Amino acid sequence: MSEAYLTPYESGNSNQTTTWNDCIGFYLKLAKQFPKVLQFSQIGVSDAGIPIHAGVVTADGVFDREQIKKEGRPVFFNNNGIHPGEPEGIDGCMALVRDFCTQPERLAALGQTVFLFIPVYNVDGCLNRNNSSRVNQDGPEQFGFRGNSLHLDLNRDFIKCDSLNAQVFNRFFIAWDPDVMVDTHTSNGADYSYTMTLIQTQTDKLGNGLGPYLRDTMLPEIYQQMQKRGWPTCPYVNPVQDSPDHGIEDFLETPRFSTGYAALHHTIGFMPETHMLKPFADRYASMRALVETVLAFTVANARQIQNLRQQARQATVTRQKAAVSWKVDRGQVSSFLFKGYQAVYSPSLLGNYTRVSYDRNQAWEKPIAYFNHFVADVEVEQPRAYLIPQAWRAVIERLQWNGVQLQRLVEDAEITAQTYHIKTIQSRAHAYEGHMFHDDVRLESKIEKLKVRAGDFLVLLDQVQARYAIETLEPEAHDSFFRWGFFNSILEKKEAYSDYVFEDTALQLLEQEPELAQAFSRWKQENPALLSDKTAVLDFIFANCKHYLEPEWRRYPVLRIMK
């Protein structure tokens, strides 16, 4: 190979990864020298003002997105560097794109498939280089940092879109509508023999024909081909207890993660996780093998994948019930022939507990329990449409970024709709990725007549992006906008009382409202210790009386228009 086309990884020792400047310079040079193979350009900027780039490779030099979509050409998307401390995908993608440019037979093998890639997604973190933030990882010598310039983990940001990166990504993903995505990572956790482990879109959650196809056809072929290439691969090692011996279960990648986000758009997503304890050179080689393997499968089976995606979209539109939350089915267990190391338990030298370690001299191979079936935890009756008041701009713009079709009302009206009222929520005690995430939500639904205004937004669900709309607008969904705190202002009463006056008013309310009196009587029986707490007593009456009810308090503002 010509020295002019060596990647920085190939030019140095096998324990180095490229810098952001060298990476972007490498692609710009390739694009200039091979303009009929590679188009490379800036698609946005990060919160630190750093350019975010993307590239497109095609075998026939067609780069126009509208023409590609009109022709129905398959799109394979490789995202890299979301965690720049896990950089083997960054280096591997550079070599693969170089090979497309310099090896005609490899380029021709793409056929009609478009190879789409982001070379470094978290550009801020890539520039924040160090050699210490990846605890226990074996190389490379220097690498980037997980957090971006807002100290966000971008693989938790695909729904809430706090970062400019995620806003750019949402629009870019929708514009290209990839059929298959591979988002490259490095894992930590237990010790075992595998260099490559694999998270895929959870197949039951992906659903319809796509899920069974991924589980029964695509994954077995990927595992078989990786074995042939010398990189035996296993499912992501997510132990149900403290070591793989006791079994592993699929990782439930909710829409905050890249593969979960992809599933909302009926895209098959993979998150390869190389093992941090293996040398960087091995992690690099296995990552190249994985991306190439999934790409080859996509090229060979693109039409079937596209047909299944279309069927899945149609099924989402016509279904009666929508699953918005999933849980593992422990009653349905599969098996995986796993190659592990003996778990050793010994007293800790640091504290009074037992630690686990792994003895590589005691390797074993045996079937272990594999829990790869999930069932719906929460199902809702699918409405015909949602009505979103125009005031909730942050929610509306995220729907727009994701291609959700919105209709604006042209006049004021009164409509009958189903409303949700927030009964209880359980929120995290500490901030999670910039939000006080609501882990648990309990609702009460009502049918009400409400006034809506000209300019409010109607979201009809007979559209391509129905699944994204449902799983962001249903409060109980895994990563709904409500859970991420976009509607927190409705959880706060806006008016208060003066206790010395309200004491008498409360007695009058108890006389005037029998239901309030009954509820207060039950509350006193259930909370005798709180009867000496004046604030608790008066707060209960104030919050539960009808006379001073604030209709907007705890009423979820998105309306469900039923079929």
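Bear in mind that the values here come from a model prediction, so they are computed numbers and not experimental data.
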Is the F169 to F77 ring centre distance short of 6.0 Å? yes

In the structure I gave you, are the side-chain heavy atoms of I305 and P74 within less than 4.5 Å of one another anywhere? no

Are any of the side-chain nitrogens in R360 or D191 under 4.0 Å away from the carboxylate oxygens of its partner? yes

Can you tell me how far OG of S325 sits from CD of E476, rounded to the nearest 0.5 angstrom? 8.0 Å

Would you say H83 and H185 make side-chain contact, with heavy atoms under 4.5 Å? yes

If you take the centroid of each ring, where Trp contributes its six-membered ring, are F100 and F115 closer together than 6.0 Å? yes

NZ/NE/NH1/NH2 to OD/OE distance under 4.0 Å, K36 and D60: no

Side-chain donor-acceptor pair present, N402, Y261, cut-off under 3.5 Å: yes

If we ignore hydrogens and angles and just use 3.5 Å, is the side chain of Q137 paired with the main-chain N or O of G85 as donor and acceptor? yes

When rounded to the nearest 0.5 angstrom, what distance separates OG1 in T254 from CZ in R156? 9.0 Å

Is E86 salt-bridged to R146, cutoff N-O under 4.0 Å? yes

T19-N21 side chain donor-acceptor pair, cut-off 3.5 Å: no

Side-chain H-bond candidate by donor/acceptor type, N148 with S163, under 3.5 Å: no

Option passing side chain to side chain donor-acceptor pair (under 3.5 Å) with T186 (candidates E88, E273, R134): E88

Looking only at heavy atoms, the pair that brings G144 and N130 closest together is O-ND2, 3.8 Å

Set out, in order, the CA-CA distance, both residues' side-chain angles and the distance that settles side-chain contact (heavy atoms from CB on, under 4.5 Å) for S149 and D47, then state yes or no. CA-CA 6 Å; S149 56; D47 295 280; 3.4 Å; yes

Salt-bridge present (D64, K69; N to O < 4.0 Å): no

Whether R283 engages the ring of F280 as a cation-pi pair (distance to the six-membered ring centre under 6.0 angstrom, angle to the ring normal within 45°) should be assessed. no

Should the ring pair F336 and Y370 be called parallel, tilted or perpendicular, given that the plane angle runs from 0 to 90° and is split at 30 and 60? perpendicular

Hey, does V404 have a side-chain heavy atom less than 4.5 Å from the side chain of F457? no

Which of parallel (below 30°), tilted (30 to 60°) and perpendicular (above 60°) describes F487 and Y556? perpendicular

Can you measure from OH (Y284) to OG1 (T195) and round to the nearest 0.5 angstrom? 15.0 Å

Validation row: L30, V97 side chains within 4.5 angstrom (heavy atoms): yes

Within a strict 4.5 Å, meaning less than it, do heavy atoms of the T7 and F26 side chains meet? yes

In sequence, state the C-alpha distance, the side-chain angles, and the governing distance for S480 and E471, and then conclude on side-chain contact (heavy atoms from CB on, under 4.5 Å). CA-CA 6 Å; S480 67; E471 294 190 38; over 6 Å; no

Short side-chain to backbone donor-acceptor contact, N79 and T184, under 3.5 Å: no

Between F173 and H265, is the ring-ring contact (aromatic ring centres under 6.0 Å, His included) condition met? List the steps. CA-CA 9 Å; F173 191 97; H265 301 290; 5.7 Å; yes

Within-4.5 Å side-chain heavy-atom neighbours: D179 and T267: no

Hey, are D204 and R215 close enough for a salt bridge, meaning a charged N less than 4.0 Å from a carboxylate O? yes

Can you find a pair of side-chain heavy atoms, one from I82 and one from F158, that are under 4.5 Å apart? yes

Quick check: does any side chain N or O of R309 sit under 3.5 Å from a backbone N or O of H266, one acting as donor and the other as acceptor? yes

Does the Y121 side chain pair with the main chain of N165, one donor and one acceptor, at a distance under 3.5 Å? yes

Using a distance-only test with no angle check, is there a side-chain donor-acceptor pair under 3.5 angstrom linking D91 and T17? yes

Hey, is the main chain of W484 close enough, under 3.5 Å, to the side chain of H435 for a donor-acceptor pair? yes

Can you tell me how far CG of L206 sits from CZ of R467, rounded to the nearest 0.5 angstrom? 6.5 Å

Give, for atom CG of L295 and atom CZ of R106, the distance between the pair rounded to the nearest 0.5 Å. 9.0 Å

Main-chain N/O of A31 paired with Q33 side-chain donor or acceptor, under 3.5 Å: no

Please confirm whether the ring centroid of F481 lies under 6.0 Å from the ring centroid of F486. yes

Is it true that a side-chain atom of T58 and a backbone atom of V62 form a donor plus acceptor pair closer than 3.5 Å? yes

Answer yes if the ring centres of Y194 and H275 are under 6.0 angstrom apart, and no otherwise. no

Using a 4.5 Å cut-off on heavy atoms from C-beta on, say whether the side chain of N170 contacts that of C161. yes

Is the count of non-hydrogen atoms from other residues, nucleotides or ligands lying under 6.0 Å from H246 atom NE2 greater than 12? yes

Does a side chain donor of either Y5 or T102 reach within less than 3.5 Å of an acceptor in the other side chain? no

Let me see the working for L214 and Q200 under side-chain contact (heavy atoms from CB on, under 4.5 Å), right down to the final yes or no. CA-CA 9 Å; L214 173 58; Q200 74 286 332; 3.9 Å; yes

If you round to the nearest 0.5 Å, how far is CG of L96 from CE of M287? 12.5 Å

Would a distance-only check, ignoring hydrogens and angles, find a side-chain to backbone donor-acceptor pair under 3.5 Å from T274 to M196? no

Determine yes or no for a side-chain-to-main-chain donor-acceptor pair under 3.5 angstrom, with D157 supplying the side chain and D162 the backbone. yes

Would K278 pass as a cation-pi partner of Y192, given that its NZ or CZ must be under 6.0 Å from the six-membered ring centre and within 45 degrees of the axis? yes

Do H438 and D440 have side-chain atoms, one donor and one acceptor, less than 3.5 Å apart? no

Backbone N/O of A302 and side chain of T298: donor-acceptor pair under 3.5 Å: no

Axial cation check for F437 ring with R256, 6.0 Å and 45° limits: yes

